[in-house]
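Computed over heavy atoms, backbone and side chain alike; hydrogens, waters and symmetry mates excluded. From a predicted model like this one, the values you see are computed outputs, not experimental measurements.
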Amino acid sequence: MQVNNRDTPTLPIQGPTQSGQQPQAPFVRPAQMAIFARVTSYPPLGQITCLQTAQKTLQSEEDALRFTVIIESSSSFPEQPWEAQIWHNITGPQWGSLSLKRCNTDHAALLNANDSEYHCRRYVFSEEVSLPAAGSHAQFTVRFRTGPDTEWQWANQTNHVSDGEIVYSTRHSELHKALSPDIAARAPKEQLEKYIENLHDDLNIESRLSEAPGSVLWALSGDIDAVQSGCSSIKHLSLGTPSSVVRYFSLVRVWSPWLGPRHGKDKFRLTEDAIFCSFLREDGVNLVLLAVSGVNSVLTVFQSGENGEVVIFAKSDDPELSKFHVLISAAENFEVAMSAVVYEARKVVRPFADASHLDLEDSVPLSPSDDDMVLVEKDPSAQWLSEWYDGLTYCTWNGLGQELTEEKILHALNSLKNNGINIVNLIIDDGWQTNDNEGESQFKRGWKQFEAHPKGFPNGLKHTVAAIRQENPNIEHIAVWHALLGYWGGISPDGDLAQRFKTKKVSIKDPAANGPIVENLPGGTIVAIDPDDIRRFYDEFYNYLTSVGVDSVKTDAQFFLDLLEDPADRREFMTSYQDAWSIASLKHFSTRSISCGSMTPQIIFHSQMPTNKPTLPLRNSDDFFPDVPSSHPWHVFCNAHNALLTRYLNVLPDWDMFQTSHPYASFHAAARCVSGGPIYITDEPGKHDLNILDQMTAPTVKGITVILRPSVIGRTIDIYHDYNEGHVLRVGCYTGWAKTGSGILGLFNIQSAGASSIVSLMDFPGIHEDSEGQYIVRGHRSGRISHRLRPLTQDSLVSVVLEPKGWEILTAYPTRSFTLTGSHGKNFSPTHVAVLGLLGKMTGAAAVVTSDISVVENGRLRFDISLKALGTLGIYFSDLQDRSIAQNFMVMILGRPIPQNTVWKQGGENANVLAIDVLAAWKSMKLDSGWSNEAFVQVFVG
């Protein structure tokens, strides 16, 4: 598991909430502080688009915070001598003013709009304020005026903007004292009481050695009685009240199969059960709580009390006296605190997750089991393994509906083929199985036989699969959907399956008691395969699928294990079904299985937390609902926050399918690209956006259409931002090797009005306090590139503007500097270069497998670049405008020079990107990579 030490949260600009107000961001990371706020005024006052503090490392006792304000005024209005001030209570209880100084207008350059298109003048102001020695929580606002003879305008009055907030820490905090192992172990309860008041006396509190440097860790447990008279034992226990809380964030059970984020201020309050909570304190410390489930059949979650206390709710299905488990960590860095509890949780569940009984075949690769040391700044690898989920996938669910037939599937695939869309994987979703009670709700129907229903598949599933493969040779893998218990209504009591396998009647509770009402979901008795026979059932079912040509599965509705009414059934079904599915799927399909509807605590900790088996895709949120407009921003927001937990599990977070012909199509596409997970489309036949698909995918040298998946999973970098406050959602990921790879930020406007954002170079994953050298930042949609930026400097900022439904993807590239020697021995000025990856692709940097840049003996600059896919390769040159393609460049692929017309300068008069159409050159030269699945490009610069 990779934990990047710099991946701490900063704040995006603010947008209007649903009430029309624009609250400002509350959080900054310790030492690296950034505050953004969006305030609007009416012409001729112009628009203050961003208020930001720049970053400064805590290097001395006199720490400072820099504010930057950008005012944009319509170019149709006369030039004005604008002035700006910050009013704050940072340095003391009384508010005071900080006058800002005018800066160069190139400061925080706009990356996704041209000046001629934007029709605005930009005025940039900046200044530092000294921070007190002790960490604190402070507030601020901004005021501005058009000149010295005009009245000041207050942002929080003219624009209904609430005050901004700052949270920062100090080297002399209580946390730094507690990091001493002697102090932490000496009195664990006393140490924890500094963060949680009124700790319950019935809790057993132990200090644990945290394997995440910079954090302290506690393990809490308590007794819970055994099952009595066929009823689960329930325990409510007040853990205590987190102190000095500014904001909190929780992942809650929005209902049985799914998790979702909840945010709040000050007093802790939940309306759903949470498995994870994080509290931001006034001193800048993050206090993270994780409820561990699945150990000895105990479910543990968090609830809230009337006075803001955290309440532990534990439910035991064990016939013996058991214990519940809670882990707590504290760190200035959220990622460090999070990794501390996750790695400790692996140890807690390890005795109950021994894989020795799974009897896995030697051919199934296993992940290392001894992986409990968190590696901060672990080098992310740029290796590319041709996994099945790296191929573009089509799913039938939204595109074809639930009434599936062979004809519909072949028609949809023919539509894709006619539009030049070469999918690699096909998921035949719900609608192929033979079920009883035709015409009833899906939740009232039970599964009868392995063979597909004859109405839609008259010649059988094997005939359909063969026809698919014959007509679509580009499809490598075909998956079918099924529920963990067979179908939504379980097993038909009158079907073939009930005759062949041992079954058991079980009671299913109504999930509406623990989530949204789902019409007709069974609240009664269904028939299921008995746990005694479930391993044989899955082995025979998957053997059948393999025999008809199906080589992968999507296993849904796994949360039904949590809906079993009887505690004995839950205890018996819960682990036996999970283990049986793991054994069968790995045996028959290797890693080609998707776990869906399985974000229940018992499954998370039993099947997804341990690292004793290969990684599988996990559905990371509730469904994509194409016809619910309000669901789309939330869908992306929810996935980005759920990934804060799922990125630590032994899974690949899957953000669900989407449609390319949809009002939010590009919004979803960009989110999937930065997620680091698989990408599935579910287009209706004939309704495709080829431009969006082209930005997401690229062909390999073997003609396979792949996605460009970053190395590190994407997640929000702003942990404590409430959805209702309308912040710009920022999703960060990383691709390549540490130090030489690229940080990627996806920016998503989740509000109904326009928004804007200032982004610091320090916000990009992979760039941290110790980063050296210079970087450039490139906007995907505009292709614009910033000037070279250095970490921690005043001008290491860029900005974007986003329309409603708007998004942008920014990529930060490290540059390298070379001083080339001319033919007569003359040294030229340094040339700064960077390999950008494939241009026109949302995550084009992820196409680069390796790149090496060096100066060879004849004084030429040489690039050796390996690409996992074909397209237009971009290379940044700081002095490209002074060079001639014909005279100064030689480009070769697989050792052969490419046509000159496939190389050009991109960027107009001030071009700084050399574009190489590797795809066109590959085709025109009819190249063959042989055994390799990569394209090797060499560029020589004279």
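- Within the 3.5 Å criterion, the main-chain N or O of Val849 finds no donor-acceptor partner in the side chain of Ser866.
- Residues Thr697 and Leu693 come closest through the heavy atom pair OG1-O, 2.8 Å.
- Rounded to the nearest 0.5 Å, atoms OH (Tyr394) and CG (Asp683) are 6.5 Å apart.
- Applying the ring pair (Phe, Tyr, Trp, His ring centres under 6.0 Å) test to pairs two or more places apart or on separate chains, none has a residue in residues 684-704.
- Side-chain atoms of Arg778 never come within 3.5 Å of backbone atoms of Tyr813 as a donor-acceptor pair (strictly under, hydrogens ignored).
- In this structure, a donor-acceptor pair under 3.5 Å is present between the side chains of Asp879 and Thr831.
- Separation of atoms OG (Ser817) and CZ (Arg788) is listed at 8.0 Å; rounding is to 0.5 Å.
- Using a 4.5 Å heavy-atom cutoff, the side chains of Asn414 and Glu471 are not in contact.
- Looking only at distances, no side-chain donor or acceptor of Arg709 sits under 3.5 Å from a matching main-chain atom of Asp390.
- Put simply, the side chain of Lys905 gets close to the backbone of Leu880: a donor and an acceptor are under 3.5 Å apart.
- When atom types are taken as modelled, the side chain of Ser878 and the backbone of His832 share a donor-acceptor pair closer than 3.5 angstrom.
- With a 4.5 Å cut-off on side-chain heavy atoms, Thr591 and Leu616 count as touching.
- The closest side-chain donor-acceptor pair between Asn425 and His477, if any, does not fall under 3.5 angstrom.
- Within the 4.5 Å cutoff, side-chain heavy atoms of Ile713 are placed close to those of Pro653.
- Side chain of Lys687 to backbone of Gly399: no donor-acceptor contact under 3.5 angstrom is found.
- Using a 4.5 Å heavy-atom cutoff, the side chains of Phe658 and Ile679 are in contact.
- Side-chain contact between Tyr680 and Ile594: present, with at least one pair of heavy atoms (C-beta onward) separated by less than 4.5 Å.
- Inspection of the Asp689 and Thr660 side chains reveals no N or O donor paired with an N or O acceptor under 3.5 Å.
- Partner of Cys103 under the side-chain contact (heavy atoms from CB on, under 4.5 Å) criterion, chosen from Val124, Thr68, Asp795, Ile70: Val124.
- Side-chain atoms of Ser757 and Arg730 include no donor-acceptor pair closer than 3.5 Å.
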Worked verdict on Phe877 versus Val833 for side-chain contact (heavy atoms from CB on, under 4.5 Å): CA-CA 5 Å; Phe877 290 87; Val833 299; 3.6 Å; yes

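- Nearest heavy-atom pair, Gly714 versus Val731, reported as atom, atom and distance to 0.1 Å: C-CG1, 4.0 Å.
- For Tyr775, the ring pair (Phe, Tyr, Trp, His ring centres under 6.0 Å) criterion is met by no residue, not counting sequence neighbours.
- Scanning all heavy atoms of the two residues, the minimum distance from Gly741 to Pro814 falls at O-CD, 3.2 Å.
- Not counting sequence neighbours, the partners of Met890 by the side-chain contact (heavy atoms from CB on, under 4.5 Å) test are Met892, Pro897, Phe940.
- With a 6.0 Å radius and a threshold of 12 heavy atoms from other residues, nucleotides or ligands, Asn910 has its CG atom at or below the threshold.
- Minimum interatomic distance between Gly779 and Leu111 (heavy atoms only, all atoms of both residues): N-CD1, 4.3 Å.
- With sequence neighbours excluded, the residues forming a ring pair (Phe, Tyr, Trp, His ring centres under 6.0 Å) with Phe748 are Phe667, listed by chain and number.
- The CD1 atom of Ile767 sits 13.0 Å away from the CG atom of Asp770 when rounded to the nearest 0.5 Å.
- For the atom pair CG of Leu810 and CG of Leu747, the computed distance is 5.0 Å after rounding to the nearest 0.5 Å.
- By the 4.5 Å heavy-atom criterion applied to side chains, Val777 and Phe764 are counted as neighbours.
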Check the pair Glu803, Asn749 against side-chain contact (heavy atoms from CB on, under 4.5 Å), reporting the backbone distance first and the verdict last. CA-CA 7 Å; Glu803 70 279 5; Asn749 183 6; 5.9 Å; no

Quick one, Asp694 with Lys841, criterion side-chain contact (heavy atoms from CB on, under 4.5 Å). Give me CA distance, side-chain angles, the key distance, then yes/no. CA-CA 7 Å; Asp694 182 64; Lys841 310 298 181 182; 3.2 Å; yes

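- In this structure a side-chain-to-backbone donor-acceptor pair under 3.5 Å is present from Ser415 to Gly686.
- Closest approach of Val798 and Leu789 over heavy atoms only: CG1-CD1, 4.2 Å.
- Residue His780 holds its NE2 atom at 8.0 Å from SG of Cys673, rounded to the nearest 0.5 Å.
- Taking a cutoff of 4.0 Å between a charged side-chain nitrogen and a carboxylate oxygen, Arg647 and Glu335 qualify as a salt bridge.
- With rounding to the nearest 0.5 angstrom, the CD1 atom of Ile898 is 8.0 Å from the CG atom of Asp917.
- Scanning for ring pair (Phe, Tyr, Trp, His ring centres under 6.0 Å) contacts around Phe624 gives His632, His662, His668, with sequence neighbours left out.
- Looking at Ile875 and Ile865, their side chains come closer than 4.5 Å, going by heavy atoms from C-beta outward.
- Formation of a donor-acceptor pair under 3.5 Å by the Thr815 side chain with backbone atoms of Ala834 is not found in this model.
- With hydrogens and angles disregarded, a donor-acceptor distance shorter than 3.5 Å links the side chain of Asp551 to the backbone of Ile478.
- Looking at heavy atoms from C-beta onward, Phe889 lies out of side-chain contact with Val903 at the 4.5 angstrom threshold.
- The heavy-atom pair separating Trp655 from Asn620 by the smallest distance is NE1-ND2, 3.6 Å.
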Run Thr872 and Leu919 through side-chain contact (heavy atoms from CB on, under 4.5 Å) and show every step you take. CA-CA 7 Å; Thr872 301; Leu919 176 59; over 6 Å; no

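- In this structure, Gln774 contributes its side chain and Arg790 its backbone to no donor-acceptor pair below 3.5 Å.
- Under the salt bridge (charged side-chain N to carboxylate O under 4.0 Å, His left out) criterion, Arg862 pairs with Asp864, sequence neighbours left out.
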